[in-house]
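Heads up: the structure comes next, in structure tokens.
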Protein chains: 2
Amino acid sequence: MTATRDEIFKTLADPTRRAIFERLCREGEKTVSVLTTGAGVSQPVVSKHLASLKRAGLVRDRADGRQTHYSADYAALAPLIDWAHEMTGFWEKKFDALEDLLNRMDQ
Amino acid sequence: MTATRDEIFKTLADPTRRAIFERLCREGEKTVSVLTTGAGVSQPVVSKHLASLKRAGLVRDRADGRQTHYSADYAALAPLIDWAHEMTGFWEKKFDALEDLLNRMDQ
DNA sequence: CTCATTCATAGCCATCCGGTTATACGTCAA
DNA sequence: TTGACGTATAACCGGATGGCTATGAATGAG
């Protein structure tokens, strides 16, 4: 369930897979056949990528007769955003420390 | 120079490489030999990862005698953050659209 | 029932990639 | 100059992975 940061990064690293996820984000719920048109790869490949995305918690699937509807799970991006903000946060800390130092030197 | 989003994702996908970047973010500038201690891999591997990070614009290097100092370039994370926010943004738009629809049905 | 449709899985292959050791290159010390 | 040190590169290897085709499984249509 709780996808690791590593899984999320690895899953989004592939351009084809990221494009599928991006399309689900932009256009909402889509079936596999619809996603296959315009994906540039065969249907089995799309299914495999969707399975990866699901494993990483990035998409949900909903069975409906013989077709499966996939949709993006936006909340799954939170760990990625948090990590990035944490990393840039270290920079701000250093900047603050420098500022403090300069202020102290000023006095 | 301007690293593509794909390069950034691919570069950060590897755990070892991401750990090196993370350490540079947390602890600031470090030499290759220092980074090698605790990296869990050999020095050539660290050098190769640093070259990848540099290619993606995630780190800078500074030559100093026979050692090379590497440091994180925090600004390089911006495309990643922007992309993630854009993706979640589509969700908010849909939410707003739903809200609008409900409001209109209410009238 | 029969056949088409939709999707997932299996099996295969080529390529990529992260790891290794060996080595070359440049720099500082003696 | 000689040798030790720090780093980058070369050559190589095994495993992971993204693509394909073929096929199976389940459902809907006729």
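In what follows, every chain begins at residue 1, and chains take the letters A, B, ... in the order their sequences are listed. Keep in mind it's a predicted model, so treat the numbers as computed, not measured.
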Is the backbone of [Y] close enough, under 3.5 Å, to the side chain of [X] for a donor and an acceptor to pair up by distance?
X: A/Y70; Y: A/L50; answer: no
X: B/E7; Y: B/T4; answer: yes
X: A/R18; Y: A/L12; answer: yes

Interatomic distance where CG belongs to B/L50 and C1' belongs to D/dT9 [whole Å]: 14 Å
Tell me the interatomic distance from B/I20, atom CD1, to D/dT7, atom P, rounded to whole angstroms. 13 Å
Residue pair A/R62 / A/E29, side-chain heavy-atom distance below 4.5 Å: yes
Applying a strict under-4.5 Å side-chain criterion to I, L, V, M, F, W and Y, I'd like to know whether A/I81 and A/L24 cluster together. no
Walk along nucleotides 20-27 of chain D from 5' to 3' and tag each nucleotide B, S or - by protein heavy-atom contact under 4.0 Å, base first, then sugar-phosphate. BBB----B
Looking at A/S42 and A/T36, what are the two nearest heavy atoms and their distance? C-CG2, 4.2 Å
Taking B/H69 as the fixed residue, which of B/D64, B/D61, B/T31 is the one that meets the side chain to side chain donor-acceptor pair (under 3.5 Å) rule? B/D64
Applying salt bridge (charged side-chain N to carboxylate O under 4.0 Å, His left out) as the test, list every pair that has at least one member in residues 65-82 of chain A; sequence neighbours left out. A/R60-A/D73
If you assign B/S47 and A/S52 each to the DNA chain D nucleotide with the nearest heavy atom, which residue ends up on the more 5' nucleotide? B/S47
Contact interval (first through last nucleotide) of DNA chain C with protein chain A, 4.0 Å heavy-atom: C/dA4 to C/dT9
